Amino acid sequence: MTRLILHVGVPKTGSSAIQSFLCRHQMLRSKKNGEELRYAVVSKKDGWLAGDELKRRSIRHPLGYIPSAEDLGEVLMTLLSWERPPSDLLLSQESWSRQVEALSSLPSDIDVEVVMFVRPQAQWLASAWWQWFAWTNQDGNPIHAWRVLQQERALDWHHLSEKFSACPSVRDVRIRLFRPDTDVVAAFLEAVALEAPKGIQTSRFRRNASLTTHHLVLYRAMPWLRRDNGGTLDAVLAKLWPFGQKPKAPIEAELVAEIIEASRPGNEKLLERLSEEDAQMMRQDPYWWDAAAYD
């Protein structure tokens, strides 16, 4: 293996759409030299999962895709244990954005390229609230969730990207902006200079469906149901019971303003890591800079 592309998330930036596409179209051609690159799923349990078996399992899975294991170190150890790994490989898992230390185990002859999508921090927390924090934050207070995230610098996108850049095995880090109204699969393929198969509409690969107000009634009555089954049950409910409205996260205007101001220094540095087009888009997007945009 000489080239390894890692799509590392972050969560809530369209990873499910990217992985749904990749599970069905695993051999992709480079726009630069025409060479093929393979997508696969790697985990300690299944080892290598690719080809027709990966496609079959992903189609049958309630989420419509299968990602690699959440533990990046485990995935890399599995790769390094193979006698004949593929020369060019693409892997994806949204939880890897905070596991840069795992890359220290890679030998120097492997060139790693990291792709990471990001979005405004206050918008991110609002999007993630009903998927995770509402069920794990015991008092249901978004302020406490933000305090933990802030202390861990979990939403400091510039800091995360700098950590990857400082890793000796990483050749390039590409940061892309996620916007809910854009084709994230096309944006991902552009970031890694790969071509979509002819005739494939990348925009048809959608992100996970959001919870609705009806789903929340069920989960509040039986919180263990959501806690024990997570996003898989969300996907099932979205298909079988697609009723109700999208709930609003309980994030007050004061907290939005605090998040924006605390994130501003890192976001201003992040502009320097973006393409000219994305930097201009970020400057013009008020959700990064102005709490009034959330009113």
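Just so we're clear, the structure is a prediction, and the values are computed from it rather than from any experiment. The basis for the numbers below is simple: all heavy atoms, side chains too, and nothing from hydrogens, waters or symmetry mates.
- L125 and W132 fall within a single hydrophobic cluster, where Ile, Leu, Val, Met, Phe, Trp and Tyr are joined by side-chain heavy atoms under 4.5 Å apart, directly or via other members.
- Between P67 and V41, the closest side-chain pair of non-hydrogen atoms is not below 4.5 Å.
- For F164, there are no ring pair (Phe, Tyr, Trp, His ring centres under 6.0 Å) partners two or more places apart in sequence or in a different chain.
- Shown here are the salt bridge (charged side-chain N to carboxylate O under 4.0 Å, His left out) partners of R153, two or more places apart in sequence or in another chain: D156.
- For the pair H7/I18, a side-chain contact is recorded, criterion being any heavy-atom separation below 4.5 Å from C-beta on.
- Applying the salt bridge (charged side-chain N to carboxylate O under 4.0 Å, His left out) test to E252 and every residue at least two apart in sequence or in another chain returns nothing.
- Remark: M281 pairs with L177, R179, D278 by the side-chain contact (heavy atoms from CB on, under 4.5 Å) rule, at least two apart or across chains.
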Go through the steps for H61 and C23 under the test side chain to side chain contact (heavy atoms under 4.5 Å, CB included), then give the verdict. CA-CA 11 Å; H61 197 282; C23 284; over 6 Å; no

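- S43 places no side-chain N or O within 3.5 Å of a backbone atom of S68 that could act as its donor or acceptor partner.
- Atom OH of Y294 sits in a crowded spot, with more than 12 heavy atoms from other residues, nucleotides or ligands closer than 6.0 Å.
- Listed here is the closest heavy atom pair of G47 and T78: CA-CG2, 4.3 Å.
- The side-chain contact (heavy atoms from CB on, under 4.5 Å) test applied to T202 returns F21, D183, V185, A186, L189, A196, not counting sequence neighbours.
- Taking N33 as the reference, S30, E35 meet the side-chain contact (heavy atoms from CB on, under 4.5 Å) condition, with sequence neighbours excluded.
- R264 meets the salt bridge (charged side-chain N to carboxylate O under 4.0 Å, His left out) test with E261; sequence neighbours excluded.
- Within 6.0 Å of CD on Q280 lie no more than 12 heavy atoms contributed by other residues, nucleotides or ligands.
- Counting only residues at least two apart or in different chains, salt bridge (Lys or Arg N to Asp or Glu O under 4.0 Å) contacts with residues 140-152 comprise R98-E152, R147-E258.
- You'll find the side chain of F188 stays beyond 4.5 Å of the side chain of R176, heavy atoms only.
- Every residue two or more places apart in sequence or in another chain that forms a side-chain contact (heavy atoms from CB on, under 4.5 Å) with P62 is listed here: T232, V236.
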Under the side chain to side chain contact (heavy atoms under 4.5 Å, CB included) criterion, do L155 and W146 qualify, and how do the steps go? CA-CA 9 Å; L155 304 187; W146 160 244; 4.1 Å; yes

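- In the hydrophobic cluster analysis, where Ile, Leu, Val, Met, Phe, Trp and Tyr join through side-chain heavy atoms closer than 4.5 angstrom, I143 is grouped together with I251.
- A heavy-atom distance below 4.5 Å is found between the side chains of V75 and L91.
- Using a 4.5 Å heavy-atom threshold, the side chains of F205 and I200 count as touching.
- Inter-residue side-chain proximity for I175 and V118 is flagged as met; some heavy-atom pair is nearer than 4.5 Å.
- Contact check on K163 versus E101 returns a salt bridge, with a Lys/Arg side-chain nitrogen under 4.0 Å from an Asp/Glu carboxylate oxygen.
- S95 meets the side-chain hydrogen bond (donor to acceptor under 3.5 Å, both in side chains) test with Q93; sequence neighbours excluded.
- Heavy-atom minimum distance, N267 versus M282: O-CE, 3.4 Å.
- Classification of the F133-W124 ring pair by plane angle, with boundaries at 30° and 60°, yields perpendicular.
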Stepwise, does the side chain to side chain contact (heavy atoms under 4.5 Å, CB included) test hold for D111 with D172? CA-CA 9 Å; D111 288 331; D172 192 15; over 6 Å; no

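- R273 has its side chain within reach of E162: a pair of non-hydrogen atoms, C-beta onward, lies under 4.5 Å apart.
- Under the 3.5 Å distance criterion, with hydrogens and angles disregarded, a donor-acceptor pair is assigned to the side chains of Q19 and S92.
- Looking only at side-chain heavy atoms (C-beta outward), R57 and L49 come within less than 4.5 Å of each other.
- Residues in residues 9-31 take part in these salt bridge (Lys or Arg N to Asp or Glu O under 4.0 Å) pairs, two or more places apart or across chains: R29-E36.
- In the displayed structure, E70 atom CD is contacted under 6.0 Å by at most 12 heavy atoms of other residues, nucleotides or ligands.
- Side-chain contact of T13 with R119: a donor-acceptor pair under 3.5 Å is absent, judged by distance alone.
- For E113, the salt bridge (charged side-chain N to carboxylate O under 4.0 Å, His left out) criterion is met by R3, R171, R174, not counting sequence neighbours.
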Is there a side chain to side chain contact (heavy atoms under 4.5 Å, CB included) between Y39 and M27? Walk through the geometry before answering. CA-CA 6 Å; Y39 173 74; M27 299 302 296; over 6 Å; no

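- A pairwise comparison of heavy atoms in G244 and H214 identifies CA-ND1, 3.6 Å as the closest pair.
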